Each structure stands twice: as structure tokens, then as C-alpha cells.
Asks: 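What follows is a structure written as C-alpha cells; I'll ask about it next.
Start at 1 and go down the list; that is how both ligands and their atoms are numbered. These values consider heavy atoms only, across backbone and side chains, with no hydrogens, waters or symmetry-generated copies. Owing to the predicted nature of the structure, the values given are computational and were not obtained by experimental measurement.
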Amino acid sequence: MTNQLASLRVRDLPDVFAARRLGRELAAELGLEQQDQVRVATALSEVCRSTISTGQSAEITFGADVADLVLTVTVDGEPADEGIAAASRLMDTLRADGAVIWMMKRRPMNSALDLRAVRERLTAMIPESTLEELRRQNQDLIASLEEATRQKEQLLLLNAELQETNRGVMALYSELSDELEQTNRGVVALYRELDEKSEQLRAASESKDRFWANISHELRTPLNSVTGLTRLLAEPDSGLGAEQLYQVGLIRNATGTLLALVNDLLDVAKAESGRLVLDPAEVSLPALLATLRGLTRPMTEGKPVDVVVSADDAPATLLTDETALTAILRNLLSNAIKYTDDGEVRLSVRTAHDSVELTVSDTGTGIPAGQLERVFEEFYQVPGARRGGTGLGLPYARRLARLLGGELTLASEAGAGTTAVLRLPHGLPSVGTVVVADDDAGFRQVLKAMLAGIAGEVIEAEDGDQALSAISYGHVDLVLADLSMPGTDGHTLLDRLPAGLPAIVITGLDVATPPRASALLPKDDLTRERLAFAIRRITRNAR
Ligand code: ADP
């Protein structure tokens, strides 16, 4: 019985070589001698070569029986005689029967031969035929092409979908941009209207201030005469009877009230128009609080109201304008006392790291929640709660607070009392690099000394050009500029400053603040406090 160990299809020349290699390997495995191995290989090679040279193919089976190596070649068609003739000379036995050729070679007896191992080794040597490989490659290619076609179809589908979506998006977009354009047009028109309105408002407010300022002046003069005359009439030797004296007293009181109103109006108009000149200095807080304590004494006469001033946490001094600060606190205290029938009015001070809080609280009538902001409007008084006055105190106080770089707020609970908080900046301001432009070297030294502890660095410039080159060279936070300098003067310097860089003009000239400058300080009476105050306002605004 023949054991089949491997089979090989032969179609082309590489297959012939493979058949030859396999034949030789089988012969070696079966223990044939070197020369016989070559014989077997050559016989097989000859049969195969002649087969493919006639354009046919064949199937070879490699096998073994107990005594022989057995090769079976099945040709698809007619085996070529030439090959058979050659092979028959090399093999021990060759039999051809139609398309099948059996070839045998005797092999040595070997009982230890492991045929299964031989089969495995031979099988491993069988190469894929070129055609087979080509077919497999073709199949792979076809599969890939099919896959590519499928993907292409999908891509086309996706593309179509995308185009559809794009069309939708475009439509939506154009709809939206139409809408946006319309909205924008509306917004632009609205802004124009707003600009016009605010310009009208500004003009109205300006003419109101002018009117108040003028009318107050005009009213004050005759009122002062009336007050003086009534004082004369009220003197004991004026010759008036008791009844008439009483009436003159009434006239005096009424004139006093009128004068107070006119003065209030004048104050507000001044604060509003910016004509109020602040004179900042280190104000002693304990002294100021004592003055206020004295001022409130007559206000509480005949009322069970305690005025308590607690200033334990107060700083010794505060860099501010004393007159303005006193006016604000006097206003708050007088309101607190006016609207408190009994209980306590307290003025207390608290220091935070860069601010001071002055609080006036009372246990009086309070202000209804909805009216808390309205009481800051000019002439506004809480309806039904009027106790004299003009309704100008709080708006004036708030304006002054802002001029001082601070803020005034109110908190209140109807029936329980009101708390007014005035928050003011405290301590020296701090600014990085300052350029000092002045042709007077002496005054530059003065400014430098004043800036100690305020400016991180001071750069001196003799004129506008030097200042501008310092500014273009490194970072500068503030410019202090004289106006009249030889060469590039202060006006030109101001014109050429980069946008956003603040400048303070310090000049001996009697001129208005140039538009590009944040402030103007007169040179003659410049103090460190005035300079620090101006710098603080600028740096606070910048925040
Ligand atoms: P005036 O005191 O002259 O009326 P103000 O502007 O100072 O004007 O105050 C406006 C209004 O706010 C007052 O008329 C009063 O209704 C209310 N108000 C102000 N302060 C207090 C307070 N401490 N307690 C209750 N109401 C107050």
C-alpha cells in the first residue's frame, strides 16, 4: 500500500523546480543515496518539464510503500514521450497508463521512519504556484476593488447628503445674515438716537447747572440784604412793637430757610459742573470727628437721641478734601438725626487695607426698600415722610463722595433705621514708572522727591522729545508734564502720547486742563498730597 505524503500541481517552470526539490527531499527522507536522490529529482523534473512544454499541466503525488519511493504523475491530457523516456532511464520502475505515470525507486529498509514527520516537512516545502498566487492576489484585488467601489458609492451618497445639508445651511445662513443685517441696522439707528438723546441730556443738564449757578448768585444777594435788614429791625432799639418783632422774626426764619436752599442749590451746581476745587491734604480724622460731634449737638436739642462717635479703628489721617468730607458727613448726620425721634445715631470708622469706611447709622424711620436709590435723585423726598429740607442733601453728598474717589451707599429697613456708608480711598497710591517732563532741573527734583513711595521708578526728561523717547523705549505708566518747555513743549507731548497713557499737567500757566490730560495741577502751590490725590484718582479710574 502506498502512503501518500504530498501532492503538487505543476503548471509552469517554477512549479517544475518545486517538483524537483520535493522529489529530491523525499528521496533524502527515505534514505536514498545522494546519486539516487539526484536521479529521482531529475526524472520528475523531466516528466514535468516535458508536460508543461506541451502546454499541459500535471498533478504529482509523492508517496512511499514498504520498499519503494513512489511518484504518481497525472497529466491533464497526453503525457509527453520525451519526458517518460528520460525518466524511465533514471527510475527503477516506470509505468505509463494513459494520463497516469507511476515511477518507483527502491529505498533502503528503515523501520524507524516517521512518515508523518516526512509528510509535514514535504508539505511545508510546497510553494504556492505563481498562478495560484496570482489567482489569490487577483481575488484579493477583486475584493479590494469591490470594497473600493462600495466605499465610493457610500462616499457619493455621503457627498450628496452633505451637499443637501450644505444647501440647507447656506439657506439658513443667508436667512440669519439677513436678519442680523436688519437687527444691526436697527441697533445702529438706536445708538444714533441714544447718542443724540444723551447729547441733548448733557446739554440740558449743563444749562440746568448754569441756570442754578446764576440764579443762586442772583438770589443770594437780595436774600443777604433781607437777612441783614430783618436783623436790624429785630434789634431792641428799632422801635417796633412786640407783634411786629414777632413778625420780623418769622421773616428772618423764612429768609434763613430760603438762603439755605439757595446755598444747597449752589453747592450741587458747583459739584456737578466740576467747578468745585478740591484741596486735598492729610486730614486729621480725630479732629474732624470731634468737630462733627460739636456740629450735631444743637440738632438733637429736645430729642431723646444719642449721638455716638466711635473712632477706635480710625486712621490718624486721611488724604482727602476736608471741606467735602465734612459736608458729606454733616449731611448724613443731619438726616439721621432728623429722621430719628428717639434712639441712637452712630458715626463709626473702619479701616480696610486701602480704604476707610465711615458709617452713619440711625434707629429712625428708615426708608422703604423701593425708595433707596430714588432718594439720591435731586429734590426727591420719600412721600409722606417729609421733615423739611430740600431733597438735595443726598445727591450732593454722593457727588462729593465720587469727587473724593469714593462711594456713598445706603441700606435701610422701614421702621428700623438707616445706615449710610461712605467708602473713601486710603493710603498713598502706587504707580509704576513715571516720566517727569520739565526743563527746570530743580523742579524735576522736587517732583522726584514728592513721588517717593508712590512711583516705582522716575525717569527725567528735559523736554517733550526726551519724554517721548523714554516712552517708546520702555513701559511707562504715567507722565507728569510741564506745558512750556523749549523744543517739543507740553502740548505737543500730550498730542503725541500713546492712547491710554495718563498724563497730569503741572504748570505755572493759568490755563484750563488740556483735553488730553487727566488733571492739571498749579505749580506754585503743589504739595505731595495734591499730587498723590491726583494720581490716586487716575489709578483708581484705570482699575
Ligand atoms: P432732605 O433731607 O433735604 O429731604 P436728602 O437728599 O438728604 O434731602 O434726603 C432725601 C430723602 O431721603 C429725605 O427727604 C428722606 O425722605 C430720605 N432720607 C434721607 N436720610 C434718611 C434717614 N436717615 N432716615 C430716613 N429717611 C431718610
Asks: Does Ile367 reach ligand 1 with a nitrogen or oxygen that is under 3.5 Å from one of the ligand's nitrogen or oxygen atoms?
Replies: no
Asks: Which residue and non-hydrogen atom of the protein lie closest to atom 13 (C) of ligand 1, and at what distance in Å?
Replies: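 Residue, atom and distance for the closest contact: Tyr339 OH, 3.3 Å.
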Asks: Please assess Val349 against Asp313 for the test side-chain contact (heavy atoms from CB on, under 4.5 Å), listing each intermediate value before the final yes or no.
Replies: CA-CA 6 Å; Val349 188; Asp313 192 22; 5.7 Å; no
Asks: Does a side chain donor of either Gln466 or Glu460 reach within less than 3.5 Å of an acceptor in the other side chain?
Replies: no
Asks: Is there a donor-acceptor contact under 3.5 Å from the side chain of Thr433 to the main chain of Glu457?
Replies: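 It does not hold such a pair.
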Asks: Look only at interatomic distance and state if Thr390 has a nitrogen or oxygen under 3.5 Å from any nitrogen or oxygen of ligand 1.
Replies: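 Between Thr390 and ligand 1, an N or O pair is found under 3.5 Å apart.
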Asks: Among protein heavy atoms, which sits nearest to atom 12 (O) of ligand 1, and what does the distance come to when rounded to 0.1 Å?
Replies: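 Ranking protein heavy atoms by distance from atom 12 (O) of ligand 1, first comes Val375 CG1, 3.2 Å.
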Asks: Please check this pair: side chain of Arg536 against backbone of Gly427, looking for a donor-acceptor N/O pair closer than 3.5 Å.
Replies: yes
Asks: Looking at Gly393, which atoms of ligand 1 are within less than 4.0 Å of one of its heavy atoms?
Replies: 5 (P), 6 (O), 7 (O), 8 (O)
Asks: Using a 4.0 Å cutoff against the non-hydrogen atoms of Ala336, which atoms of ligand 1 qualify?
Replies: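 This gives 23 (N) as the contact atoms.
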Asks: Testing the 3.5 Å rule here: is there a donor-acceptor pair between the side chains of Gln151 and Glu147?
Replies: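 Side-chain D/A pair, Gln151 to Glu147: present.
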Asks: Quickly, which of Thr291, Leu288, Leu278 forms a side-chain contact (heavy atoms from CB on, under 4.5 Å) with Glu322? Name it, please.
Replies: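 Answer to the side-chain contact (heavy atoms from CB on, under 4.5 Å) test with Glu322 among Thr291, Leu288, Leu278: Leu288.
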Asks: Which bit of Tyr380 is near ligand 1, meaning a heavy atom under 4.0 Å away: side chain, backbone, both or neither?
Replies: backbone
Asks: Would you mind checking which non-hydrogen protein atom is closest to atom 2 (O) of ligand 1, with the distance to 0.1 Å?
Replies: Asn335 OD1, 2.9 Å
Asks: Can you report which non-hydrogen protein atom sits closest to atom 4 (O) of ligand 1, along with the distance?
Replies: Gln381 NE2, 2.6 Å
Asks: With respect to Pro395, determine whether any N or O atom, backbone or side chain, lies less than 3.5 Å from an N or O atom of ligand 1.
Replies: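 Looking only at distances, the answer is no, because the N/O contact criterion of under 3.5 Å is not met.
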Asks: Have Thr492 and Asp489 got a donor and an acceptor in their side chains that come within less than 3.5 Å?
Replies: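 The criterion, which ignores hydrogens and geometry beyond distance, is satisfied for Asp489 and Thr492.
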Asks: Does Lys303 use its side chain to pair, donor to acceptor, with the backbone of Ile337 at less than 3.5 Å?
Replies: yes
Asks: Applying a heavy-atom cut-off of 4.0 Å, say which part of Thr365 lies close to ligand 1: side chain, backbone, both or neither.
Replies: side chain
Asks: Counting only nitrogen or oxygen atoms and a 3.5 angstrom limit, does Asp362 reach ligand 1?
Replies: yes
Asks: Do any heavy atoms of Gly366 fall under 4.0 Å from ligand 1?
Replies: yes
Asks: Measure the spacing between NE2 of His475 and CG of Leu501 and express it to the nearest 0.5 Å.
Replies: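 Nearest 0.5 Å value for the NE2-CG distance: 8.0 Å.
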Asks: With a 3.5 Å cut-off and no angle check, do the side chains of Thr418 and Ser412 form a donor-acceptor pair?
Replies: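 Their side chains do contain a donor-acceptor pair, which is all the 3.5 Å distance test asks for.
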Asks: May I ask you to identify the nearest protein heavy atom to atom 8 (O) of ligand 1, giving residue, atom name and distance to one decimal place in Å?
Replies: Gly391 CA, 3.1 Å
Asks: For atom 5 (P) of ligand 1, what is the closest protein heavy atom, and at what distance to 0.1 Å?
Replies: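 Residue, atom and distance for the closest contact: Leu394 N, 3.5 Å.
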Asks: Between Lys338 and ligand 1, which part of the residue brings a heavy atom under 4.0 Å of the ligand: side chain, backbone, both or neither?
Replies: side chain
